[in-house]
Amino acid sequence: MTPSTDRNLPLFERARALIPGGVNSPVRAFRAVGGTPRFVQRAHGAHFWDANGQRFIDYIGSWGPMILGHGHPAVLQAVQQAAQDGLSFGAPTEREIELAEAIIALVPSIEMIRLVSSGTEAGMSAIRLARGATGRKVIVKFEGCYHGHADALLVKAGSGLATHGHPTSAGVPEEVVRHTLVLEYNNVAQLEEAFAEHGRDIAGLIIEPIAGNMNFVRASAAFAARARALCTEHGALLIFDEVMTGLRVGRGSAQGLLGITPDLTVLGKVIGGGMPLAAFGGRRDVMEQLAPLGPVYQAGTLSGNPVATACGLATLAEVARPGFYESLSARTRALTDGLADAAKDAGVPFAADSEGGMFGFFLLPGLPQNYGQVLRTDGAKFNTLFHGLLDRGVYIAPALYEAGFVSAAHTPADIEETVAAAREAFRLL
Ligand code: KE4
């Protein structure tokens, strides 16, 4: 492929003339890793083909939703049938009840649920609900965790310990994030201090129980248990943001792995199977504070969309099958073990972790426990590895801080091809 024959280039030029950065979500623009994004023409199974007809093994899977792989026949059939029956009604449907039942069966901490169209909408609504249900203002979040782009959550740590946050984006007034506390992930002492000082004002604590927005950092069992206990002690709501981990890391999601029952759970990605669908749910007494029952307003034209719910239901039917996660976990672990061997043989510092169909790796000697430790990674080396893999037909996240995803469609041959490509790419570092 030469610049004059690479069709991604003119497409990117056209896109950048009309769409900011040429993309409809920033991470797709390759700005962190450099180079030209690949414009996807079609995808099937574990693969997609770009504008040049080049095939890639896909470890993004739409950033998590495509747990079955692209084009699963049962999902396509359900979506096509639903589309025939109508694209959107703005009125209740039986399928919304069926999807609510399916999610609640898989996430028992959820007694009542509200469907929305994106993870951002779900996270934003959960925060408002926590504040409305408790009558309090303060929200606790953690550096390195991302919960969508709602104003109150675009915030970085304040100057001192557990001081109120500052905006991470232009357009977010200081006043909007004044009541958001940003703490260090896995820092139990700081958590204790924050609740000691602000406990009576804390409406909710929102956390990614496995932080996929720091690539892959697990909340320690002690940290998660302390967050649960402190929320209970102080009357704050524990909110697990499982948009990424929900039904991705296992049948019980991350809350099942940790044995923690949150008060609210935010879901997305897998439950929509690739269509615009997300949700938030949890304790009935809290959820009943939502309009039209209670005083906390929340709404959406396309919430519970009939085509999206068909896609989600068909996806959940497949992941609920016996053995699904056991097989997926084994395939993901085979990938990370293979990558670790390749890195070792090339003398490259490397640490990986995985759970279910989600994985992460760091060009570091050990697994980081918080955002500051993740920052120690050499970005330039990661970028060399990214392009070394891309040039060999392997598509991982174009950013150091993103997790990777394996689908049920990835075969042992895909894993072997990926590891072989990595063997060559690690030697470029
Ligand atoms: P969306 O609004 O993008 O559907 O979901 C926001 C969100 C909320 N919570 C968690 C834990 C998330 O990971 C996300 C979105 N994840 C990113 C990838 N890190 C989506 C990719 C993108 O922004 O384009």
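Along the sequence shown, residues carry numbers from 1. Counting starts at 1 for both ligands and their atoms, in listed order. Scope of the values below: all heavy atoms of this structure, side chains included, with no hydrogens, waters or symmetry mates.
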Output yes when a side-chain donor or acceptor of N186 lies under 3.5 Å from a complementary backbone atom of R218, and no otherwise. yes
Is the charged tip of R16 near the ring of F12: under 6.0 Å from the six-membered ring centre and within 45° of its axis? yes
Interatomic distance, CD@E101 vs CZ@R95, rounded to 0.5 Å, equals 13.5 Å
When you look for protein heavy atoms under 4.0 Å from ligand 1, which residues do they belong to? S25, V27, W63, S118, G119, T120, Y146, H147, G148, E208, N213, D241, V243, M244, K269, E402
Would you call the rings of F48 and F56 parallel, tilted or perpendicular, where under 30° means parallel and over 60° means perpendicular? parallel
Cation-pi geometry met for R42 and W49 (6.0 Å, 45°): yes
Within the side chain of N52, is there an N or O that forms a donor-acceptor pair under 3.5 Å with the backbone of R7? yes
